[in-house]
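Just so it is clear, the structure is predicted and the values come from calculations on it, not from any experiment.
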Amino acid sequence: MKKVAPIVIFTFKRLNTLKKCVNSLKNNNLAKKSKIYFFSDGPKNETQKKNVLKVREYLKRIKGFKEKKIYYRKNNFGLANNIISGVTKVFNKEEKLIILEDDILVSKNFLKFMNLALDNYKKSRKVWHISGWNYNLDLKIKDDSYFTRGMNCWGWGTWKNRWKYFEKNPSKIIGSWTIQQINDFNFDNNINFYSQITRNLEKSLNTWAVFWYATIFKNKKLCLNPKVSLTKNLGVSSSATNSKKIEKIFNTNLKNQNIKKFKFPKKAKENSLAYEALKRQIKINKAKNLINKLISI
């Protein structure tokens with residue numbers, strides 16, 4: 001393995017989930033070799049200030065990584081602006097990154113998978129995004145990962161020379177995309193990701209992830225996804241108020257993710273089997289509204 005990729009964590013006021021996120025990372029063998037950056041967003045009001053300060057006191061005490069750097073936001077940036085500006089800032093120093101939010105748990109081999117994938121596809125012009133999370137699909141494929149157009153952001157990585165193309169410009173997209181492009185962007189109109197673009201233009205939504213997906217999509221690039229998810233979002237679990245049918249597609253048991261070696265696809269090409277399976281699962285679960293939240297951040 002070449003140089004280990006730095007980790008970036010974005011946090012706000014959720015101390016309990018942040019602790020779980022950090023502790024799960026420290027269970028990875030590569031944690032001690034990893035540089036880690038934290039971006040602590042500022043409070044919106046006096047009520048939030050106490051919790052933000054608790055988070056910042058904890059950040060100061062964190063150990064177990066090769067190097068630590070903390071950025072404290074004086075004002076409240078909001079999640080989208082915090083991530084966009086934070087990732088861009090760190091890419092002024094680094095060539096590749098692994099990015100997490102503070103409510104993501106990772107498996108013991110998450111960092112291994114991410115680093116191997118970032119090394120493996122570094123020179124591939126077709127690959128722009130590495131995901132640590134994936135939908136719970138029962139796919140009969142030989143590799144441990146596969147490519148699709150879809151971008152998942154519950155633990156992800158990319159390179160400086162890909163992120164430089166990131167653009168958040170909803171009016172430009174709406175003014176230039178064809179009906180066919182919109183259809184393809186929406187997984188053959190099985191889910192309305194495009195509505196997030198229009199809502200950002202209308203200022204009823206302020207998000208970042210759908211624009212990273214749009215950047216990848218319009219440049220005709222691909223995202224690598226693990227066959228079995230290596231991360232878990234604490235906001236989507238058996239304790240959530242969703243039906244069991246909806247939960248199935250999101251359910252992740254990190255204790256089972258003990259792959260010693262990862263087999264990656266040799267060709268950077270969208271896996272049609274996986275793409276069709278995902279569309280089929282969306283229809284079965286009738287989970288369009290919930291899945292749409294995946295990149296509504």
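- In the hydrophobic clustering of this structure, Ile83 does not group with Val52; members are Ile, Leu, Val, Met, Phe, Trp, Tyr whose side-chain heavy atoms approach within less than 4.5 Å, directly or through other members.
- Although no hydrogens or angles enter the test, the distance criterion places no donor-acceptor pair under 3.5 Å between the side chain of Asn183 and the main chain of Ile179.
- Taken to the nearest 0.5 Å, the NZ atom of Lys96 stands 12.0 Å off from the OG1 atom of Thr158.
- More than 12 heavy atoms of other residues, nucleotides or ligands shown are found within 6.0 angstrom of NZ on Lys68.
- For the residue pair Tyr135/Asn225, the side-chain donor-acceptor check at 3.5 Å is not satisfied.
- At distances below 3.5 Å, not a single donor-acceptor pair connects side-chain atoms of Ser34 with backbone N or O atoms of Phe65.
- In summary, the side chains of Thr231 and Asn233 do not present any donor paired with an acceptor at a separation below 3.5 Å, with no hydrogens or angles considered.
- A distance-only check finds no donor-acceptor pair linking the side chain of Lys227 to the backbone of Lys142 [under 3.5 Å].
- Rounding to the nearest 0.5 Å gives a distance of 14.0 Å between NZ of Lys267 and CG of Leu222.
- Taking the side chain as every heavy atom from C-beta outward, Leu59 and Leu18 approach each other to under 4.5 Å.
- Note on Phe77: it does not cluster hydrophobically with Leu205, by side-chain heavy-atom contacts below 4.5 Å among ILVMFWY residues.
- In summary, the side chains of Ser107 and Asn109 do present a donor paired with an acceptor at a separation below 3.5 Å, with no hydrogens or angles considered.
- Counting non-hydrogen atoms of other residues, nucleotides and ligands closer than 6.0 Å to NZ of Lys66 gives a total of 12 or fewer.
- Proximity of a side-chain donor or acceptor of Lys221 to a complementary backbone N or O of Arg125 within less than 3.5 Å is detected.
- By the 4.5 Å heavy-atom criterion applied to side chains, Tyr146 and Leu273 are not counted as neighbours.
- Between the side chains of Asn200 and Gln196, not a single donor N or O lies within less than 3.5 Å of an accepting N or O.
- Counting only heavy atoms from C-beta outward, the side chains of Phe166 and Val87 never approach each other to under 4.5 Å.
- In this structure, a donor-acceptor pair under 3.5 Å is absent between the side chains of Asp103 and Thr17.
- Placement of Leu201 and Tyr194 within a single hydrophobic cluster is found when ILVMFWY residues are connected by side-chain heavy-atom separations under 4.5 Å, directly or transitively.
- Aromatic ring centroids of Trp177 and Phe217 lie under 6.0 Å apart.
- Around atom OH of Tyr165, no more than 12 heavy atoms belonging to other residues, nucleotides or ligands sit under 6.0 Å away.
- Between Pro6 and Val90, every side-chain heavy-atom pair lies at or beyond the 4.5 Å cut-off.
- Phe187 and Phe193 have perpendicular rings, their planes meeting at more than 60° on a 0 to 90° scale where under 30° would count as parallel.
- Arg56 places a side-chain N or O within donor-acceptor distance of the main-chain N or O of Ser40, the cut-off being under 3.5 Å.
- Val106 approaches Ser24 most closely through the heavy-atom pair N-OG, 3.2 Å.
- Note: Tyr121 and Phe147 meet the aromatic proximity criterion, with ring centroids under 6.0 Å apart.
- Put simply, CG on Leu105 and NZ on Lys232 are 7.0 Å apart, with the number rounded to the nearest 0.5 Å.
- Closest non-hydrogen pair, Arg149 versus Cys223, comes out as O-SG, 3.8 Å.
- Looking only at atom types and distance, the side chain of Ser229 has no donor-acceptor partner in the side chain of Asn136 under 3.5 Å away.
- Among residues at least two apart or in separate chains, salt bridge (Lys or Arg N to Asp or Glu O under 4.0 Å) pairs with a member in residues 158-170 are Glu167-Lys172, Glu167-Lys218.
- Classification of Lys60 and Glu57 as a salt-bridged pair holds, one side-chain N sitting under 4.0 Å from a carboxylate O.
- Using a distance-only test at 3.5 Å, with no hydrogens or angles considered, no donor-acceptor pair links the side chain of Lys279 to the main chain of Asn190.
- Between Ala5 and Asn115, the shortest heavy-atom contact is N-OD1, 2.7 Å.
- In this structure, the side chains of Met114 and Leu30 stay at 4.5 Å or more apart for every pair of heavy atoms.
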Expected list for residues 42-49: side-chain donor-acceptor pairs under 3.5 angstrom, two or more places apart:
{"residue": "Asn45", "atom": "OD1", "partner": "Thr47", "partner atom": "N", "Å": "3.1"}
{"residue": "Asn45", "atom": "OD1", "partner": "Gln48", "partner atom": "N", "Å": "3.0"}
{"residue": "Gln48", "atom": "OE1", "partner": "Lys44", "partner atom": "N", "Å": "2.7"}

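- With contacts defined as side-chain heavy-atom distances shorter than 4.5 Å, the pair Phe10/Tyr71 does not qualify.
- Exactly one residue among Trp163, Trp159, Trp212 makes a side-chain hydrogen bond (donor to acceptor under 3.5 Å, both in side chains) with His129. That residue is Trp212.
- Residues Met151 and Trp156 form no side-chain contact, since every pair of their non-hydrogen atoms from C-beta on lies 4.5 Å or further apart.
- For the pair Asn16 and Leu234, the minimum side-chain heavy-atom distance is 4.5 Å or more.
- Between Lys35 and Glu94 there is a salt bridge, with a side-chain nitrogen of the basic residue lying less than 4.0 Å from a carboxylate oxygen of the acidic one.
- Not one N or O on the side chain of Asn134 forms a donor-acceptor pair closer than 3.5 Å with the backbone of Val228.
- Under the 6.0 Å distance and 45° angle rule, Lys112 does not count as a cation-pi partner of Phe262.
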